[in-house]
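For reference, the structure discussed in these notes is given below.
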Amino acid sequence: MTAPATVEESTGFTHRQILTILSGLMLGMLLAALDQTIVSTAIRTIADDLDGYSMQAWATTAYLITATLATPLYGKLSDMFGRKPFFMAAITIFVVGSLLCTIAQSMYELAAFRAFQGLGAGGLMSLALTILGDIVSPRERAKYQGYFLAVFGTSSVIGPVLGGVLAGQDTILGVSGWRWVFLVNVPIGLIALGVVSKVLKLPKRPHSTDRVDWWGVLVLAIGLVPLLIVAEQGREWGWGSGRSLLCYVIGVLGVIGFVLVEKAMRDKALIPLRMFANKTFALGVVISVVVGSAMFGGISLLPQYLQVVRGSSPTLAGLQMLPMVLGMMTGSVVSGQLISRTGRYRIFPLIGATMLTLGLFLLHFVNADSPLWLAMIFMACTGFGLGNLMQPLTIAVQNALPPKDMGVSTAAATFFRQIGGTMGVAVFLSILFAQLTPNISSEMKAAATDPAFQHAVVEAANSSNPADAALAKGLLAQDTSAASGVLKDSSIVQQLNPVLARPFQVGFAESMSTVFLFVAGLALLGLILVLFWKEVPLRTVGGIEAAKDAAAKGDAAANGAGPDVVERTGLLTAGGEMLSPSEDALDVLANSANGTAGSTNGARSGGASSA
């Protein structure tokens with residue numbers, strides 16, 4: 001086993017320079033990660049204030065559509081014209097979008113401004129990971145990517161807490177509390193913009209003369225928008241409704257059209273199809289989709305369990321998710337350090353997929369009477385699995401393709417993981433709500449025979465608590481709509497008398513148990529796929545250094561140096577891995593090239609004399 005190169009040798013940057021650049025990248029990623037969790041907690045308050053309760057899903061859908069569509073475009077454009085301008089543009093668009101959301105006067109305006117904000121969000125995460133790939137080798141990258149997961153994990157705890165606090169205030173400094181949910185992005189974004197502008201010093205690359213694949217963008221939008229819309233709205237519309245079927249048809253035709261356009265565009269394509277000929281990349285993308293579905297599907301259920309079944313507020317539920325975050329960070333740090341030291345990564349996706357499957361399967365056994373500490377242990381197990389899985393997955397996909405494809409490969413992996421997550425949440429929440437009605441109805445029938453429940457219903461009919469009174473009067477009149485009203489607004493469960501809330505809590509817990517079983521099954525599929533995933537030796541230089549070495553190799557070949565000479569210079573290992581050449585190696589290369597040229601000239605002279 002060869003000793004790992006020093007940071008300076010493998011990256012061309014000192015450890016301090018990398019950390020300085022990393023600070024700007026993490027601020028950019030914090031914007032996107034924090035925004036998602038803050039808004040999800042506050043969206044109900046926002047919708048009520050803007051008189052658009054039924055429109056609240058569209059604010060999320062609009063953001064999701066533009067962020068997902070923009071992700072591969074940022075990757076391709078950054079490969080063509082450089083990373084820094086597009087990363088700064090993404091931050092700027094996101095900050096402007098946040099300001100616009102702050103002044104929204106209706107849900108229609110908010111949805112439009114969230115769509116604009118999503119155009120910036122699409123570049124924040126993928127470009128941060130791409131830039132890290134440029135400056136740090138895959139082997140060293142494992143250590144630094146742990147910082148990104150720490151940001152993601154921290155935001156998942158701080159976001160719900162901060163969102164709950166801000167949305168709970170009538171006004172702050174004369175501005176409505178919920179508007180600060182978006183306004184808080186502005187100072188963070190401005191700081192990120194300043195830091196990135198100052199510290200992100202990347203070598204200039206020549207601008208590509210290739211034309212941008214705008215046809216690919218257009219056809220991708222035609223295919224993706226209807227599918228994302230039906231994923232978000234299908235449960236309300238009905239999966240077999242006319243609107244849903246129309247979305248399926250347009251979406252499938254759009255995806256087929258996108259594949260045909262990309263095939264015609266070849267290397268100029270938004271997502272070049274040649275990348276999928278690489279088995280490591282192709283299987284990595286499939287694993288990303290499956291893991292994204294399991295991850296977001298599982299994570300979306302946990303706040304539901306904590307709030308509906310445990311009775312926690314959104315703020316408290318965010319804090320109770322801390323074990324999962326700590327598990328994720330621990331898994332990421334441990335795997336990152338070991339990958340950096342050994343240069344091997346295959347074992348970690350195996351451990352991660354196994355722990356993820358185990359954690360989700362154990363959550364299947366959590367019910368309404370389970371102690372909270374037990375659920376937290378299972379959350380920690382799930383988080384530890386994600387920490388061991390997500391980081392090596394990104395590194396392997398980046399490492400599988402040439403450095404010139406760093407942007408598009410990273411963006412593609414992020415893009416497909418987002419698609420998987422969107423579909424996973426849609427499917428699993430649909431399964432949840434399909435189970436809720438029969439499970440709660442069954443629990444209500446069983447509770448109706450309980451004298452304590454009957455007494456609580458009679459007393460609640462005259463209660464000053466409007467939630468208790470509405471439910472009790474409906475039950476006494478045998479009106480089932482009273483119970484279905486609770487299903488539409490699950491926060492009502494927390495307002496009910498504990499005796500009246502019990503059937504709903506048990507019904508929710510049983511429904512979630514079924515869904516966790518499905519999610520665990522999907523995670524098991526991910527584990528099986530990982531078993532067939534072959535390890536590719538990690539490059540020991542970053543993308544920028546690898547590009548320089550590739551250019552040096554090309555010059556050597558042009559000067560007549562044979563493959564054995566190129567290998568002896570340290571440009572290639574026997575396995576074809578690009579390495580950083582030493583000064584001595586370059587001298588050998590130069591002398592060899594001169595010798596080859598001299599021999600060629602001598603041969604020509606001899607031939608002329610003979611003639």
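Along the sequence shown, the residues carry numbers beginning at 1. These values consider heavy atoms only, across backbone and side chains, with no hydrogens, waters or symmetry-generated copies.
No donor-acceptor pair closer than 3.5 Å links the side chain of Y74 to the backbone N or O of V408. Side-chain atoms of S340 never come within 3.5 Å of backbone atoms of G336 as a donor-acceptor pair (strictly under, hydrogens ignored). For the pair S126 (side chain) and T414 (backbone), a donor-acceptor distance under 3.5 Å is absent. Proximity of a side-chain donor or acceptor of E262 to a complementary backbone N or O of P272 within less than 3.5 Å is not detected. Without hydrogens or angle criteria, D35 side chain to F182 main chain gives no donor-acceptor distance under 3.5 Å. R114 places no side-chain N or O within 3.5 Å of a backbone atom of Y63 that could act as its donor or acceptor partner. No donor-acceptor pair closer than 3.5 Å links the side chain of S78 to the backbone N or O of R83. Listed for the Q398 side chain is no donor-acceptor partner under 3.5 Å among the backbone atoms of D405. Judged by distance alone, with hydrogens and angles left aside, the side-chain atoms of N278 form a donor-acceptor pair with the main-chain N or O of A400 at under 3.5 Å. Judged purely by atom type and a 3.5 angstrom limit, S332 has no side-chain atom pairing as donor or acceptor with the backbone of M328.
Not counting sequence neighbours, the partners of V285 by the side-chain contact (heavy atoms from CB on, under 4.5 Å) test are F276, F281, F416.
Checking each of L64, L227, L224, I65 against T422 for a side-chain contact (heavy atoms from CB on, under 4.5 Å) leaves exactly one that passes, namely L64. Considering T354, V290, V291, I287 in turn, T354 is the only one that fulfils the side-chain contact (heavy atoms from CB on, under 4.5 Å) rule with L527.
Contact record, Q233 with T61: NE2-OG1, 3.5 Å, taken as the closest heavy-atom pair. Of all non-hydrogen atoms in S98 and N185, the two that sit nearest each other are OG-ND2, 3.2 Å.
Put simply, the side chain of M125 does not reach to within 4.5 Å of the side chain of L129, judged on heavy atoms. Inter-residue side-chain proximity for Q418 and T71 is flagged as met; some heavy-atom pair is nearer than 4.5 Å. Residues L220 and P72 are in side-chain contact: their nearest non-hydrogen atoms beyond the backbone lie under 4.5 Å apart.
Taking CD of Q320 as the start and CD of Q307 as the end, the distance is 9.5 Å to the nearest 0.5 Å.
Applying the salt bridge (charged side-chain N to carboxylate O under 4.0 Å, His left out) test to residues at least two apart or on different chains, none of the pairs has a partner in residues 311-326.
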**Chi angles and distances behind the side-chain contact (heavy atoms from CB on, under 4.5 Å) call for S513, F365** = CA-CA 6 Å; S513 175; F365 293 104; over 6 Å; no
**Asked** Step by step, would you call D79 with K404 a salt bridge (charged side-chain N to carboxylate O under 4.0 Å, His left out)?
**Response** CA-CA 7 Å; D79 276 344; K404 69 184 181 69; over 6 Å; no
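For F116, the CZ atom counts as densely surrounded, since its 6.0 Å shell holds more than 12 non-hydrogen atoms of other residues, nucleotides or ligands.
For the 3.5 Å distance criterion, the side chains of W533 and T280 fail to qualify, holding no donor opposite an acceptor.
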